[in-house]
Amino acid sequence: MAKPLVAVVGRPNVGKSTLFNKLVGRRVAIVEDTPGVTRDRLYCDAEWLKYSFTLIDTGGIEPVRDDIIGAQMRRQAELAIETADVIIFLCDGREGITSADEEVADLLRRSKKPVVLAVNKVDNASLEDSAYDFYSLGIGAPITISAEQGLGLGDMLDEVVAHFYEPAQDESGETTRIAVVGKPNVGKSSLVNALLGQERAIVSDIPGTTRDAIDSPFSHDGLDYVLVDTAGIRRKRAIADESIERYSVIRSLGAIRRADVVLIMIDASTGISEQDAKIAGYVHDEGKACVLLVNKWDLIEKDTYTVDKFKKSIRSELAFMSYIPMLFISAKTGQRVNRIMELARMAYEQNCRRVTTGTLNDIVTEAVMANEPPTDKGRRLKLYYATQVAIKPPTFVLFANDAELMHFSYKRYLENYLRKSFGLDATPVRLIVRTREKQEAPTVRRKDGGGTDE
């Protein structure tokens, strides 16, 4: 069965993200003494005793805030409440009850969901009596806690799991993680919403709206995935003075490292930029399966040669990623969005592909016979043996008489030959050349039966 969902809600700056981080056991949510830091729903798995559940961190609910972001933050919290099985209503024991707390309590009562009232920041005995005031909210008996110091969390979690119908079963199957990355305001959240078919992430024309890397489980063609919407990655000099956004960028880069597939988004209306190339380079260096999505294609005036011109420009800027599949889309209109998962799955399958040692050595021998290595100061490179040592990405080790004789152009030739032979045209490939020590490995036998390469 699916894990129960537990949402942490409350007005801004009552310690929701601090509690979230404490319960999941690591710093996932951004914690900053600034109201409104958490804007979107943030998911993470947590455990208590024999129970496993998914915790949802939400943006603070501000009933009096009527700007675009404030309204959408409220909508995101409402969506979390709608989908949650149990709700932790967090209040501030130091400040006492506010009108915003009463508004949130009214919202929760109307939801008819099980609610656990937790009064936070009660870190000494003198504040215990203040909890009695919270009975007036009509939510139930308040439980005093200190999220920062970890006090009272066991009592609170006992109450939370008491509302579960039965222990959640262990889910051993791994799901494919797909991260959506790019500069701010290229349409990442719009794409996530389009793929999920629901309003999952806040969409706004204001750059930097998404601040956390947000996990969204979903299924496509019978397969399970986790879609990760990330904060826009800016240039370092553009974020040096804002610690919140700096954390967001770090988390986005972390999301790339943890992802199985990365969807790199660029804005068709501005073309590929230096920052786009840096983001792509980071994905390439991490060896991730990836797809390049040229978004906002509906805004481009087109003729017969428009696509070819864009592809040529992108290939030139991303010469180090000649393998990357490319798709021209519009997340807003849905143009070609239905093809994204097909490409992502193909790239991931190639990223995980294994080749048998015998077949690999046959292909390397074939490549050498078709194009012998050049000589260097009278010495010729000789390849003795090849083996695949890893996947994600496919990584091959070639044993040679002298690794220093491998010229970069011949290495690139071998890489392209392997790509063509094994259908690895949509994934990074690692090729490592090592000098063979004596008796380390057998020589590669020629397919024509004429002895060895030596």
Problem set entry | Steps toward side chain to side chain contact (heavy atoms under 4.5 Å, CB included) verdict (Val161, Val86) | CA-CA 9 Å; Val161 300; Val86 183; over 6 Å; no
Exercise. Going through the checks in order, is the salt bridge (Lys or Arg N to Asp or Glu O under 4.0 Å) test met by Glu415 and Lys411?
Worked result: CA-CA 6 Å; Glu415 180 184 317; Lys411 186 176 180 181; over 6 Å; no
For this session: For the pair Lys278 and Asp285, evaluate salt bridge (Lys or Arg N to Asp or Glu O under 4.0 Å) and give the outcome as yes or no after the intermediate values.
Result: CA-CA 10 Å; Lys278 285 183 178 179; Asp285 290 342; over 6 Å; no
Exercise. Given the rule in the side chain to side chain contact (heavy atoms under 4.5 Å, CB included) test, do Leu418 and Leu431 qualify, once you have shown the distances and angles that lead to the verdict?
Worked result: CA-CA 10 Å; Leu418 294 178; Leu431 211 57; 3.6 Å; yes
For this session: Run the numbers on Leu191 and Asn295 for side chain to side chain contact (heavy atoms under 4.5 Å, CB included), then give the verdict.
Result: CA-CA 9 Å; Leu191 176 64; Asn295 192 31; over 6 Å; no
Distance-only check: which donor-acceptor pairs under 3.5 Å involve side-chain atoms of residues 141-156, not counting sequence neighbours?
from	atom 1	to	atom 2	distance (Å)
Thr144	OG1	Glu128	OE1	3.1
Ser146	OG	Gln149	N	3.3

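A distance-only check finds no donor-acceptor pair linking the side chain of Arg177 to the backbone of Asp260 [under 3.5 Å]. Not one N or O on the side chain of Glu286 forms a donor-acceptor pair closer than 3.5 Å with the backbone of Ala259. Arg94 contributes no side-chain N or O that, together with a main-chain N or O of Leu127, makes up a donor-acceptor pair within less than 3.5 Å. Counting only distance, with no hydrogens or angles, the side chain of Arg353 and the backbone of Phe422 share a donor-acceptor pair below 3.5 Å. Arg109 places no side-chain N or O within 3.5 Å of a backbone atom of Ile139 that could act as its donor or acceptor partner. When atom types are taken as modelled, the side chain of Arg430 and the backbone of Ala390 share no donor-acceptor pair closer than 3.5 angstrom. Formation of a donor-acceptor pair under 3.5 Å by the Ser111 side chain with backbone atoms of Leu108 is found in this model.
Arg110 is listed as a side-chain neighbour of Asp106, based on a closest heavy-atom distance under 4.5 Å. Proximity of Thr176 to Leu223: side-chain heavy atoms (C-beta onward) are nowhere separated by under 4.5 Å. Inter-residue side-chain proximity for Met341 and Asp221 is flagged as unmet; no heavy-atom pair is nearer than 4.5 Å. Contact annotation: the side chain of Pro428 approaches that of Asn351 to within less than 4.5 Å [non-hydrogen atoms, C-beta and beyond]. Looking at heavy atoms from C-beta onward, Cys91 lies out of side-chain contact with Val14 at the 4.5 angstrom threshold. Looking only at side-chain heavy atoms (C-beta outward), Thr427 and Pro394 come within less than 4.5 Å of each other. Looking at heavy atoms from C-beta onward, Met346 lies out of side-chain contact with Glu342 at the 4.5 angstrom threshold. Between Ile97 and Ser136, the closest side-chain pair of non-hydrogen atoms falls below 4.5 Å.
The ring pair (Phe, Tyr, Trp, His ring centres under 6.0 Å) search around Phe396 returns none, not counting sequence neighbours. With sequence neighbours excluded, the residues that form a ring pair (Phe, Tyr, Trp, His ring centres under 6.0 Å) with Trp297 are Phe310, Phe328. A search for ring pair (Phe, Tyr, Trp, His ring centres under 6.0 Å) contacts involving His220 returns nothing, not counting sequence neighbours. Here Asp276 pairs with Lys183, Ile266, Ile272, Ser273 under the side-chain contact (heavy atoms from CB on, under 4.5 Å) rule; sequence neighbours left out. For Lys121, the side chain to side chain donor-acceptor pair (under 3.5 Å) partners at least two apart in sequence or on another chain are Asp92.
In terms of heavy atoms, Gly187 sits closest to Met265 at O-CE, 3.6 Å.
Around atom NZ of Lys302, more than 12 heavy atoms belonging to other residues, nucleotides or ligands sit under 6.0 Å away. The number of heavy-atom neighbours closer than 6.0 Å to OH of Tyr132, taken from other residues, nucleotides and ligands shown, is 12 or below.
No option in Leu117, Val9, Leu19 other than Leu19 meets the side-chain contact (heavy atoms from CB on, under 4.5 Å) test with Ile88.
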